[in-house]
Amino acid sequence: VLAALVWRMGAGVADVYVVVVGLAVIHAVMDRKHSVAWFIRVMRISVEREPQRWLTIAVDQSLHLVWLGVATWFLTR
C-alpha cells in the first residue's frame, strides 16, 4: 500500500505516511477479537458476553471498510 501511494502521490507528501501508519495501527487493534467484541457490546449490536463468530467477522470487516473510506477521503480532500 505504501509503495502504491508513494508512486501515485509522491514521496514528499506527509499525508501518505500518516494514512499508512494510521491504517496499520487501526488494523493491529481491530484484528484482536476482544476489541471487536467490546465494540459490539458498546454499540449494543449484541449483549452477549461472547458474540457469535460470524458477527465478529462481519463487524470487523465493516470497520475495515469504514477506515479505508476515511483514509480515501483524507487523501483526496
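Under the 4.5 Å side-chain heavy-atom criterion for Ile, Leu, Val, Met, Phe, Trp and Tyr, Val42 and Ile40 are members of the same hydrophobic cluster. Both Val70 and Val20 are part of a single hydrophobic cluster, where members link through side-chain heavy atoms under 4.5 Å apart. Cluster annotation: Trp73 is connected to Tyr17 through the hydrophobic network of ILVMFWY side chains, with a link wherever side-chain heavy atoms come within less than 4.5 Å. Residues Val36 and Leu65 fall into different hydrophobic clusters, defined by Ile, Leu, Val, Met, Phe, Trp and Tyr side chains chained together at heavy-atom separations under 4.5 Å. Hydrophobic clustering (side-chain heavy atoms under 4.5 Å, transitive across Ile, Leu, Val, Met, Phe, Trp, Tyr) groups Trp67 together with Trp38.
The line from NE2 of His27 to CG of Leu68 is 10.0 Å long, rounded to the nearest 0.5 Å. Atoms CZ and CE, on Phe39 and Met30 in that order, are 6.5 Å from each other to the nearest 0.5 Å. With rounding to the nearest 0.5 angstrom, the CD atom of Glu50 is 11.0 Å from the CG atom of Leu55. Interatomic distance, Ile45 CD1 to Ser62 OG, rounded to the nearest 0.5 Å: 8.5 Å. Remark: Ile26 CD1 to Leu63 CG distance equals 10.0 Å, nearest 0.5 Å.
Put simply, the side chain of Ser35 never gets that close to the backbone of Asp31: no donor and acceptor are under 3.5 Å apart.
Atom CZ of Arg41 has more than 12 neighbouring heavy atoms from other residues, nucleotides or ligands inside a 6.0 Å radius.
Annotation: cation-pi geometry satisfied between Arg77 and Phe74 (NZ/CZ under 6.0 angstrom from ring centroid, within 45° of ring axis).
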